[in-house]
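Inspection log for the structure reproduced underneath, given as structure tokens.
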Amino acid sequence: MSKVTTLNDFILERQADFPFATGELTRILNDIAIASKIVSRDVRMAGLVDHILGAQGEVNVQGEEQQKLDVIADKQFIKAFENGGEICGIASEENDDFVAFTSESAKKGNYVVLFDPLDGSSNIDVNVSIGTIFSIYRRISNVGSLATLEDMLQKGSDQIAAGYVLYGSSTMLVYTTGNGVNGFTLDPSIGEFCLSHPNMKMPETGRIYAMNEGNIDICNPGIKEYTQYCQSFENDKGAPYSGRYIGSLVADFHRNMIKGGIYIYPETTTSPEGKLRLLYECNPLALIAEQAGGLASTGKNRVLDLEPKRLHQRVPFFVGSKNMVEKALSLLK
Ligand code: AHG
Ligand code: MN
Ligand code: MN
């Protein structure tokens, strides 16, 4: 029988790879793992417990109706980050503004975390996979002071670590510290994330494309050309690709990580900047994609090179297998 490597063991083993190996990042990743186990438990109860399922009755800053689980997950992660002493502030999809933690120990924290507490929340009520996405940066402001907007608006290429949790048929945590990507599956019988997908690589090509094709006529014509290419017998595979769109970015992304594929959320005439948020959806997944050999672009620029302007800024997003993203971009020109 081979030895089980828990997330905890793995993070400790890798701690020395990290340039600022003080144990702080180790503790942050542990805090994320604990919060995501709690959220995973709540997700698993969603059909059974009334206070978990359904709409919260409020609309977030982006005009989207908040689900109860969006708010539960947001609070759970904030609680984990606020009390650890490593994190001085956070930004999340569910908070209009960033939150600077005010305790003396938090003000001494060296890091900020940006996150989407529950991604794909329109899928909660119908028992379809959802996720959490996170992005970690070192602060720019002085240690001992309150976190600032500048700490939050950093380029994706400056991320120290990024990852996602997928609440799917099993719960998985996938993360990178810029040294490859590793995936862990939650074993509910022992309550531990166990290394199940070491050194993940995204296949260079695949035959799955994921986009909301309901939007096809309100996109750039190059997008239609690409989907027609995907559907044609004249493409690189000589047969139509499969269209798969879950509507949970984390789940669509994770499937493509494993099987090879492309995910597209372009700008449309109704959402001229695209839909997905740069700081807590696109940047973390872009880092993971690149670390796994894939690509992430806005259609014009590498996602990780963008200088963020606003906390909830949206960008068009093309992410996945390298050859597929390159082909889609070539048709946009
Ligand atoms: P969130 O639930 O965090 O607001 O994110 C939803 C996102 C993403 O997960 C998904 O891929 C996309 O919105 C779906 O949008 P459409 O319904 O417009 O296709
Ligand atoms: Mn989301
Ligand atoms: Mn969300």
Side-chain angles (χ1 to χ4, degrees), residues 35-36 39-40 42-43 46 52-56 58-78 90-96 113-135 162-168 174 208-219 223 227 243-257 261-286 288-289 296 303 311-320:
S36 53
V39 171
S40 176
D42 290 345
V43 167
I52 291 179
L53 195 66
Q56 168 82 1
E58 312 243 343
V59 169
N60 69 15
V61 64
Q62 333 201 20
E64 296 158 343
E65 191 183 35
Q66 286 177 315
Q67 297 293 310
K68 286 175 189 162
L69 258 179
D70 286 323
V71 176
I72 291 173
D74 191 50
K75 290 199 174 128
Q76 200 60 56
F77 280 99
I78 291 180
I90 61 100
S92 96
E93 180 188 353
E94 304 308 333
N95 292 279
D96 305 7
V113 183
L114 294 92
F115 61 102
D116 179 353
L118 250 228
D119 172 64
S121 49
S122 68
N123 280 323
I124 299 168
D125 288 3
V126 291
N127 204 356
V128 171
S129 300
I130 48 184
T132 296
I133 313 174
F134 61 89
S135 170
Y164 61 82
V165 184
L166 173 60
Y167 313 100
V174 174
I208 295 176
Y209 73 105
M211 93 163 258
N212 182 344
E213 287 190 83
N215 290 333
I216 202 80
D217 285 335
I218 53 170
C219 297
I223 303 285
T227 56
R244 294 277 185 277
Y245 189 68
I246 300 168
S248 286
L249 172 62
V250 170
D252 279 307
F253 178 86
H254 181 72
R255 183 206 50 240
N256 291 348
M257 270 284 279
I262 184 170
Y263 175 97
I264 302 176
Y265 209 114
E267 69 259 54
T268 64
T269 50
T270 50
S271 306
E273 299 184 315
K275 176 177 183 187
L276 298 174
R277 278 61 51 113
L278 172 62
L279 292 175
Y280 44 81
E281 293 180 314
C282 304
N283 270 339
L285 296 185
I288 292 185
V303 170
L311 221 44
H312 301 288
Q313 180 177 350
R314 297 172 193 264
V315 290
F317 197 38
F318 297 72
V319 68

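Everything numeric here is computed off the predicted structure, so don't read it as measured data. Atoms within a ligand are numbered from 1 in the order they appear, just like the ligands themselves.
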Exercise for the section: Can you sort out which atoms of ligand 1 are near E281, meaning under 4.0 Å from one of its heavy atoms? Expected result: 3 (O), 5 (O)
Exercise for the section: Indicate, as side chain, backbone, both or neither, the part of Y263 found under 4.0 angstrom from ligand 1 when only non-hydrogen atoms are considered. Expected result: side chain
Completion exercise
Honestly, for S248 the part within reach of ligand 1 (heavy atoms, under 4.0 Å) is backbone
Problem - Spacing of D96 atom CG and N60 atom CG [to the nearest 0.5 Å] - result: 8.0 Å
Handout entry: Steps toward side-chain contact (heavy atoms from CB on, under 4.5 Å) verdict (V165, V39)
Key = CA-CA 10 Å; V165 184; V39 171; over 6 Å; no
Problem - Enumerated ligand 1 atoms positioned under 4.0 Å from heavy atoms of Y245 - result: 11 (O), 12 (C), 14 (C), 15 (O), 16 (P), 19 (O)
Handout entry: Name of whichever N/O/S atom of E281 is nearest to the Mn ion (ligand 2)
Key = OE2
Problem - Opening angle between OD2 in D116 and OD1 in D119, taken at the Mn ion (ligand 2), to 10 degrees - result: 110°
Problem - Which of the ligand 1 atoms, numbered from 1, are nearer than 4.0 Å to a heavy atom of R277 - result: 1 (P), 3 (O), 4 (O), 5 (O)
Exercise for the section: State whether a side-chain donor-acceptor pair under 3.5 Å links S135 with N283. Expected result: no
Problem - Whether over 12 other heavy atoms sit under 6.0 Å from D125 CG - result: yes
Exercise for the section: Examine distances only and state if a side-chain atom of D116 and a backbone atom of I133 form a donor-acceptor pair shorter than 3.5 Å. Expected result: no
Problem - Closest candidate by heavy atom, reference atom 18 (O) of ligand 1, pool Y265, F317, F253 - result: Y265
Handout entry: Option whose closest heavy atom lies nearest to atom 13 (O) of ligand 1, chosen from E93, K275, M211
Key = K275
Fill in the blank from the handout: Which of Y265, Y263, Y164, F317 passes ring pair (Phe, Tyr, Trp, His ring centres under 6.0 Å) with F253? Answer is Y164
Problem - Rounded distance (nearest 0.5 Å) linking atom CZ of F318 with atom CD1 of I262 - result: 7.5 Å
Handout entry: CA sep, side-chain torsions, deciding dist, call: Y167, S36, side chain to side chain donor-acceptor pair (under 3.5 Å)
Key = CA-CA 9 Å; Y167 313 100; S36 53; 5.1 Å; no
Exercise for the section: Using 2.8 Å as a strict upper limit, say whether an N, O or S atom of G120 approaches the Mn ion (ligand 3) that closely. Expected result: no
Practice task
State whether a side-chain donor-acceptor pair under 3.5 Å links S121 with D70.
Solution key: yes
Exercise for the section: Check all N, O or S atoms of E93 and name the one closest to the Mn ion (ligand 3). Expected result: OE1
Handout entry: Per-atom contacts of ligand 1 with L276, taking only distances under 4.0 Å to non-hydrogen atoms
Key = 7 (C), 8 (C)
Exercise for the section: Pick one of side chain, backbone, both or neither for how D70 approaches ligand 1, counting any non-hydrogen atom pair under 4.0 Å. Expected result: neither
Practice task
Begin from the C-alpha positions of S92 and D74 and carry the test side chain to side chain donor-acceptor pair (under 3.5 Å) through to its verdict.
Solution key: CA-CA 8 Å; S92 96; D74 191 50; 2.7 Å; yes
Exercise for the section: Give the intermediate values and the outcome of side-chain contact (heavy atoms from CB on, under 4.5 Å) for residues V174 and L166. Expected result: CA-CA 8 Å; V174 174; L166 173 60; over 6 Å; no
Handout entry: Close-contact set for ligand 1 against L249 heavy atoms, below 4.0 Å
Key = 8 (C), 9 (O), 10 (C), 11 (O)
Exercise for the section: Measure the distances from the heavy atoms of L118 to every atom of ligand 1 and state whether one is below 4.0 angstrom. Expected result: yes
Exercise for the section: Verify, without hydrogens or angle tests, whether S248 (side chain) and S129 (backbone) share a donor-acceptor contact under 3.5 angstrom. Expected result: yes
Handout entry: Contact atoms of ligand 1, heavy-atom distance to D116 under 4.0 Å
Key = 3 (O)
Problem - Which of the ligand 1 atoms, numbered from 1, are nearer than 4.0 Å to a heavy atom of G120 - result: 1 (P), 2 (O), 3 (O), 5 (O), 9 (O)
Problem - Q62 to ligand 1, any heavy atom closer than 4.0 Å - result: no
Problem - Where ligand 1 meets N212 - atom numbers and elements under 4.0 angstrom, heavy-atom basis - result: 16 (P), 18 (O), 19 (O)
Problem - Shortest protein heavy-atom distance from atom 10 (C) of ligand 1, along with the residue and atom involved - result: G247 O, 3.3 Å
Practice task
Would you indicate which of I124, T270, N215, D119 comes nearest to atom 6 (C) of ligand 1 when only heavy atoms are counted?
Solution key: D119
Practice task
Could you tell me the separation between the OH atom of Y209 and the OG1 atom of T227, rounded to the nearest 0.5 Å?
Solution key: 6.0 Å
